[in-house]
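First up is the structure itself, then whatever we jot down about it.
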There are 2 protein chains.
Amino acid sequence: MAFTYDYARPALTVDCVVFGFDGGGLQVLLIRRALEPFAGSWAFPGGFVEMDEDLDVAARRELEEETGLRDVFLEQLYTFGAPARDPRGRVVSVAYYALVRPDQHPAAGGSDASEAGWHAVDELPGLAFDHAEVLRVALERLRGKIRYQPVGFELLPKRFTLGQLQGLYEAILGRGIDKRNFRRKVAAFDFLVPLEEFVRGRHRPARLYRFDRRKYRALEKRGFLFEL
Amino acid sequence: MAFTYDYARPALTVDCVVFGFDGGGLQVLLIRRALEPFAGSWAFPGGFVEMDEDLDVAARRELEEETGLRDVFLEQLYTFGAPARDPRGRVVSVAYYALVRPDQHPAAGGSDASEAGWHAVDELPGLAFDHAEVLRVALERLRGKIRYQPVGFELLPKRFTLGQLQGLYEAILGRGIDKRNFRRKVAAFDFLVPLEEFVRGRHRPARLYRFDRRKYRALEKRGFLFEL
DNA sequence: GCAAAAGTGTTTATGTTACACCCATGT
DNA sequence: ACATGGGTGTAACATAAACACTTTTGC
């Protein structure tokens with residue numbers, strides 16, 4: 001075995017599982033494919049990696065091209081490379097997942113996507129390629145991650161109520177949480193800063209909080225472990 | 001953008017971080033490279049993915065070709081794709097990590113590797129490519145994983161003493177653990193089966209235990225969460 | 001008999017769970 | 001006045017942490 005460069009190479013793509021939260025349930029952003037294969041089916045935004053481009057750069061580029069989203073939380077998820085996962089031939093895909101705040105929600109359009117839209121994760125249409133499997137892995141990761149890393153704040157507005165925060169955790173973990181216990185626990189985190197602002201609704205006004213990333217990072221360096 | 005197949009493609013490799021435990025500290029298996037680039041340097045076993053081969057199949061194949069190891073615990077770690085990570089050109093690498101028991105330890109040799117050997121993770125030679133970074137990620141993953149998944153048993157002989165198990169956790173987590181608390185906790189797991197066999201040394205004989213994977217799986221399905 | 005690792009319980013502190021009512025607002 | 005979500009404390013229980021000495025063997 002010498003100059004392995006002469007080998008045939010798989011094509012390489014990135015795909016992004018974009019999560020959002022609307023106050024009710026967890027959602028994902030899907031693109032209706034314009035082109036074959038799977039034209040007309042729903043799929044995650046993604047596309048081919050360019051030769052001089054880092055993987056996460058490619059993921060951000062495709063995300064912006066296909067959905068207009070930028071400056072979002074993005075992390076590599078897993079690489080899917082089953083030989084038959086793409087009917088066109090060998091295509092290996094590095095999957096990422098992104099978390100976006102409601103105020104960042106996109107305006108669709110662009111490149112080879114014809115339509116973009118949010119779908120509740122528990123009532124999705126059939127997905128192209130192996131994207132159902134990709135989603136399964138992404139959900140598993142998100143559910144695991146949210147318990148020991150402060151990533152939930154990436155899905156909420158910058159200022160949020162404790163009710164929203166609790167609702168998010170309940171939606172992702174799929175179970176109810178005791179309100180008093182939840183509030184006592186988060187009140188002990190001093191990177192969760194209470195503001196002097198309130199939201200009004202058809203009920204008692206709720207205090208707004210924000211997540212102070214600087215304070216969190218400082219604590220983290222001192223060995224603090226987030227857990228909720 | 002139409003037939004993206006015409007794009008230039010990165011080359012695709014797999015690399016394996018192989019962990020072992022010798023009773024003292026954590027070790028990794030390195031290959032001394034015979035070929036350029038980095039000829040003579042140490043690197044993780046790995047090589048190019050074939051066109052019709054799944055990624056984990058490629059990782060197992062390279063592992064066996066370069067080290068003789070087979071039937072080991074293997075899991076995908078992360079995909080490294082910085083444009084300049086390989087001086088030959090664009091090479092994206094899907095990294096895996098493997099855990100091997102002392103009784104599986106290899107006999108070296110094969111293909112484009114000239115020499116294989118175990119090295120303590122805390123006193124490694126300089127590594128080729130971005131393998132120092134790969135190792136950092138692998139260690140972080142192993143330390144995280146061992147606390148909430150029963151993967152430690154993949155690094156011990158099939159029959160082991162509680163002293164060995166504790167030593168393993170201490171080596172990976174990098175801190176001492178109270179013997180009585182540790183033993184009480186593991187004694188409560190009924191997938192840790194005490195045997196009627198003992199090892200003798202220049203001290204009191206120690207009871208051997210084995211990990212009962214069937215019992216563990218059964219508990220896991222009922223919602224049990226391993227944590228140590 | 002000494003060195004070396006195995007083995008064994010109790011107490012204290014900490015964290016987790018369960019649980020019910022009043023408050024402030026909009027309609 | 002009623003519906004809606006916001007906000008609050010305490011007791012029982014479970015888990016984690018700290019801590020020292022005896023046992024068995026090889027040399």
Side-chain angles (χ1 to χ4, degrees), chain A residues 21-25 102 146-148 150 152 156-157 159-171 173-190 192-210 219 222-228, chain B residues 21-25 102 146-148 156-157 159-171 173-190 192-210 219 222-228:
Chain A
F21 178 66
D22 70 349
I146 203 170
R147 296 185 52 185
Y148 64 94
L156 292 175
R159 299 175 309 154
F160 51 86
T161 67
L162 297 185
Q164 288 177 298
L165 185 62
Q166 181 175 345
L168 173 66
Y169 274 81
E170 289 178 332
L173 300 178
R175 60 185 169 85
I177 301 175
D178 181 272
K179 185 166 46 159
R180 279 173 291 190
N181 294 338
F182 182 86
R183 293 168 97 99
R184 179 185 21 259
K185 195 155 188 177
V186 301
F189 297 148
D190 71 342
L192 217 42
V193 183
L195 305 174
E196 290 309 320
E197 298 172 84
F198 296 80
V199 278
R200 288 177 313 185
R202 58 174 187 278
H203 49 71
R204 175 173 173 176
R207 184 181 289 273
L208 286 167
Y209 290 77
R210 69 182 176 84
L219 279 175
R222 283 155 210 193
F224 169 82
L225 290 179
F226 180 90
E227 201 184 333
L228 219 165
Chain B
F21 178 67
D22 71 347
I146 202 169
R147 297 186 51 186
Y148 64 94
L156 292 175
R159 298 173 311 154
F160 51 86
T161 68
L162 297 186
Q164 287 177 296
L165 184 62
Q166 180 175 346
L168 173 66
Y169 273 82
E170 288 177 334
L173 300 178
R175 60 183 169 82
I177 301 176
D178 181 272
K179 185 163 50 155
R180 281 172 291 191
N181 294 337
F182 183 84
R183 293 168 96 99
R184 183 188 12 264
K185 194 155 189 177
V186 303
F189 297 149
D190 71 342
L192 217 43
V193 184
L195 304 174
E196 290 308 320
E197 298 172 84
F198 296 81
V199 277
R200 287 178 312 185
R202 59 173 186 277
H203 50 72
R204 177 170 171 176
R207 182 180 290 273
L208 288 167
Y209 290 75
R210 68 183 177 85
L219 278 175
R222 283 155 211 193
F224 168 84
L225 290 180
F226 180 90
E227 202 184 333
L228 217 165

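All values below were derived from every heavy atom in this structure, side-chain atoms included, with hydrogens, water molecules and symmetry-related copies excluded.
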C:dT16 phosphate, OP1 or OP2, under 4.0 Å from A:Lys185 side-chain N/O: yes

Using atom [atom1] of [X] as one end and atom [atom2] of [N] as the other, report the distance to the nearest whole Å.
{"X": "A:Arg180", "N": "C:dT16", "atom1": "CZ", "atom2": "P", "result": "17 Å"}
{"X": "B:Phe198", "N": "C:dA4", "atom1": "CZ", "atom2": "P", "result": "23 Å"}
{"X": "B:Arg184", "N": "C:dA6", "atom1": "CZ", "atom2": "P", "result": "17 Å"}
{"X": "A:Phe182", "N": "C:dG15", "atom1": "CZ", "atom2": "P", "result": "18 Å"}

Nucleotides bounding contact with chain A, strand DNA chain D, heavy-atom threshold 4.0 Å: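 Result: D:dA3 to D:dT10.
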
With rounding to the nearest 0.5 angstrom, report the [atom1] to [atom2] distance, [X] to [Y].
{"X": "B:Leu228", "Y": "B:Phe189", "atom1": "CG", "atom2": "CZ", "value": "5.0 Å"}
{"X": "B:Glu170", "Y": "B:Ile177", "atom1": "CD", "atom2": "CD1", "value": "5.0 Å"}
{"X": "A:Asp178", "Y": "A:Lys185", "atom1": "CG", "atom2": "NZ", "value": "12.0 Å"}
{"X": "A:Leu165", "Y": "A:Leu192", "atom1": "CG", "atom2": "CG", "value": "6.5 Å"}

Qualifying residue, where the test is side chain to side chain donor-acceptor pair (under 3.5 Å) with A:Asn181 and the options are A:Lys179, A:Arg184, A:Arg183: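 Result for side chain to side chain donor-acceptor pair (under 3.5 Å) with A:Asn181: A:Arg184.
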
By nearest nucleotide on DNA chain C, pick out whichever of B:Asp178 and A:Asp178 is the more 5' one.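 Its nearest nucleotide lies further toward 5', so the answer is B:Asp178.
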
Describe, in one word, how the ring planes of A:Tyr148 and B:Tyr148 are oriented to each other, choosing from parallel (under 30°), tilted (30 to 60°) and perpendicular (over 60°). tilted

Which residues in residues 199-207 of chain B have at least one heavy atom lying under 4.0 Å from any atom of DNA chain C? B:Arg202, B:His203, B:Arg204, B:Pro205, B:Ala206, B:Arg207

Would you mind reporting whether B:Leu156 and B:Phe21 have side-chain heavy atoms less than 4.5 Å apart?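 Touching, per the 4.5 Å side-chain cut-off.
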
Given DNA chain D, 5'-ward residue of the pair A:Thr161 and B:Asn181, judged by closest heavy atom: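 Closest to the 5' end, via its nearest nucleotide, is A:Thr161.
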
Looking at every heavy atom in both B:Tyr209 and B:Leu162, which two are closest together, and how far apart are they?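 Here B:Tyr209 and B:Leu162 meet closest at CE1-CG, 3.4 Å.
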
Check this for me: B:Arg147, atom CZ, are more than 12 non-hydrogen atoms of other residues, nucleotides or ligands nearer than 6.0 Å?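 Not more than 12 within 6.0 Å, no.
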
Assess the residue pair B:Arg207 and B:Glu197 against the criterion (salt bridge (charged side-chain N to carboxylate O under 4.0 Å, His left out)); give the C-alpha distance rounded to whole Å, side-chain angles, the decisive distance to 0.1 Å, and a yes or no. CA-CA 6 Å; B:Arg207 182 180 290 273; B:Glu197 298 172 84; over 6 Å; no

Output the residues of residues 163-171 of chain B in contact with DNA chain D, where contact means a heavy atom of the residue under 4.0 Å from an atom of the strand; sort by number or write none. none

Check whether A:Gln164 reaches the backbone of A:Thr161 with its side chain - one donor and one acceptor, N or O, closer than 3.5 Å.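 Pair found, side chain donor or acceptor close to backbone of A:Thr161.
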
